[in-house]
Amino acid sequence: MTPLLPNPDHYLHNLITMTSSDSKRLWRRAIKEHFNCTCAYCGETHDLQKPTIDHVRPQRRGGEDVATNVVP
């Protein structure tokens with residue numbers, strides 16, 4: 001199953017420079033909320049704290065830490 005990638009316009013937090021842990025936390029929360037805390041792979045819905053963020057294209061293979069490359 002190929003996950004659907006969100007439109008970057010949905011992530012206001014993507015415009016924030018990711019220098020502080022608080023900004024990073026808000027950015028990750030926005031991604032989870034955009035997907036309604038639903039896993040992009042199995043389709044299960046969880047509470048806001050449970051899902052982790054996964055890079056579609058791994059960072060070690062050149063993937064960036066941007067909204068178009070992450071899913072819960």
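Given the structure is predicted, the values throughout are model-derived calculations rather than measurements.
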> Side chain of K32, backbone of P51: donor and acceptor closer than 3.5 Å?
Replying inline: yes
> What pair of heavy atoms forms the shortest contact from W27 to V66, and how long is it?
Replying inline: CZ2-C, 3.6 Å
> Closest heavy-atom contact between E64 and H55?
Replying inline: O-CD2, 3.5 Å
> In a check of side-chain contact (heavy atoms from CB on, under 4.5 Å) between I31 and each of L26, I53, V71, which one passes?
Replying inline: I53
> Please, which pairs that meet salt bridge (charged side-chain N to carboxylate O under 4.0 Å, His left out) have at least one residue in residues 33-46, sequence neighbours excluded?
Replying inline: R29-E33
> Is there a path from F35 to L48 through hydrophobic residues (I, L, V, M, F, W, Y) whose side chains come within less than 4.5 Å of each other?
Replying inline: no
>> Restricting to side chain to side chain contact (heavy atoms under 4.5 Å, CB included), what partner residues turn up for Q49, sequence neighbours left out?
In response: D47
> Which residues pass the side chain to side chain contact (heavy atoms under 4.5 Å, CB included) test with R57, sequence neighbours left out?
Replying inline: N69
> Partners of T38 by side chain to side chain contact (heavy atoms under 4.5 Å, CB included), sequence neighbours excluded?
Replying inline: N36, T45
> Got a sec, which residues hit side-chain hydrogen bond (donor to acceptor under 3.5 Å, both in side chains) with H46, two or more places apart in sequence or on another chain?
Replying inline: none
